[in-house]
Amino acid sequence: MDHHFVGIPGLTDVPRVAVVIDVMRAFTVAAWAFWRGVERIVLASAESEALALKESRPGWLALKDGAPAAGFDAVNSPGLLRSCDFAGRTLVQKTTAGTVGALAVANAPLVLCASFVVAGPTARFLRNKDSSPVTFVVTGDGGKADEDLACAEYIGQCMAGDDVEAAPYLHRARTSRAAADLAGGLRSGYHPDDVDLCLEIDRFSFAMVARQEESLTVLRPVAVPDIPSPARGSG
């Protein structure tokens, strides 16, 4: 399949189908947030916007990159988030790369956000929708982050068939600079389990679809069957 892999700076046109990849850690965190009960995630363009949205909507929560800060309820760490109870809540998320990439393609007809923890469901969702070609937005390191590129390539291969060995792609991610920075404690708002949690393949059984809702870019989980739907025209 003729998929495209671009960094955020390389986005020049609105793609038909976009999959925004941030393995370490925005869209691993988003998946964990849904697992911990979040109903929807609103993607913010700035920390000030995230706080303003939270303050104007009673019951909303806000999450950011880096160390804990006044007004924010969580940080961008799956290890720190996995024990939270967010049942029924709306979470506003602002990160350095992932949310930036998603907002850059927010006007595309179909936008998914992904990481290894939802890679398989994301591929099945796209395959069932007959969504090809896909523009994969590699958010880290100006489009050069190997953990994001490995995840994007893995999803692209899985769209073509189920028998794809995940180990080589996970190895690339584990030996990436981002993984080394996390493991070395060079990023604030960090839990020692973060790297391992970011590399749990298909930990969750949903894809994450971003849509426009009342002028906001909103991410929601969409359950994906384990068995792909029959090909169009079969039977």
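None of these values were measured; they are calculated from a predicted model. The chain is numbered in sequence order, starting from 1. These values consider heavy atoms only, across backbone and side chains, with no hydrogens, waters or symmetry-generated copies.
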Same cluster for [X] and [Y] if Ile/Leu/Val/Met/Phe/Trp/Tyr side chains link at under 4.5 Å?
X: Leu126; Y: Phe116; value: yes
X: Val19; Y: Val222; value: yes
X: Met208; Y: Leu112; value: no

Least distance between heavy atoms, [X] atom then [Y] atom:
X: Ala44; Y: Thr99; answer: O-OG1, 3.8 Å
X: Ala183; Y: Tyr190; answer: CA-OH, 3.7 Å
X: Ala18; Y: Pro15; answer: CB-CG, 3.8 Å
X: Phe34; Y: Leu219; answer: CZ-O, 3.2 Å
X: Gln93; Y: Ala30; answer: OE1-CB, 4.1 Å

Report yes if the side chains of [X] and [Y] come closer than 4.5 Å at any heavy-atom pair, otherwise no.
X: Asp148; Y: Met24; result: no
X: Val100; Y: Lys94; result: yes
X: Ser77; Y: Arg25; result: yes

Angle class for the His3/Phe136 ring planes (parallel below 30°, perpendicular above 60°, tilted otherwise)? perpendicular

Give the ring-plane orientation class for Phe204 versus Trp35, where under 30° counts as parallel, over 60° as perpendicular and anything between as tilted.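 Tilted, since the angle between the ring planes falls between 30° and 60°.
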
Carboxylate-amine/guanidinium proximity below 4.0 Å for Asp193 and Arg82: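 Looking at Arg82 together with Asp193, the answer is yes, because their closest N to O distance falls below 4.0 Å.
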
Hey, is the main chain of [Y] close enough, under 3.5 Å, to the side chain of [X] for a donor-acceptor pair?
X: Arg177; Y: Ala145; value: no
X: Thr122; Y: Val118; value: yes
X: Arg124; Y: Ala207; value: no
X: Ser115; Y: Phe27; value: yes
X: Lys54; Y: Gly71; value: yes

Please determine, by modelled atom types, if Thr95 and Asn76 share a side-chain donor-acceptor pair under 3.5 angstrom.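 Per modelled atom types, Thr95 and Asn76 side chains form no pair under 3.5 Å.
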
Taking transitive links into account, so neighbours of neighbours count too, which hydrophobic residues share a cluster with Phe72 at under 4.5 Å side-chain distance? Leu51

Point-to-point distance, once rounded to the nearest 0.5 Å, from CG of Leu149 to CZ of Arg172: 5.0 Å

Determine the sole option in Val105, Thr217, Val17, Val209 for which the side chain to side chain contact (heavy atoms under 4.5 Å, CB included) test with Val111 is passed. Val105

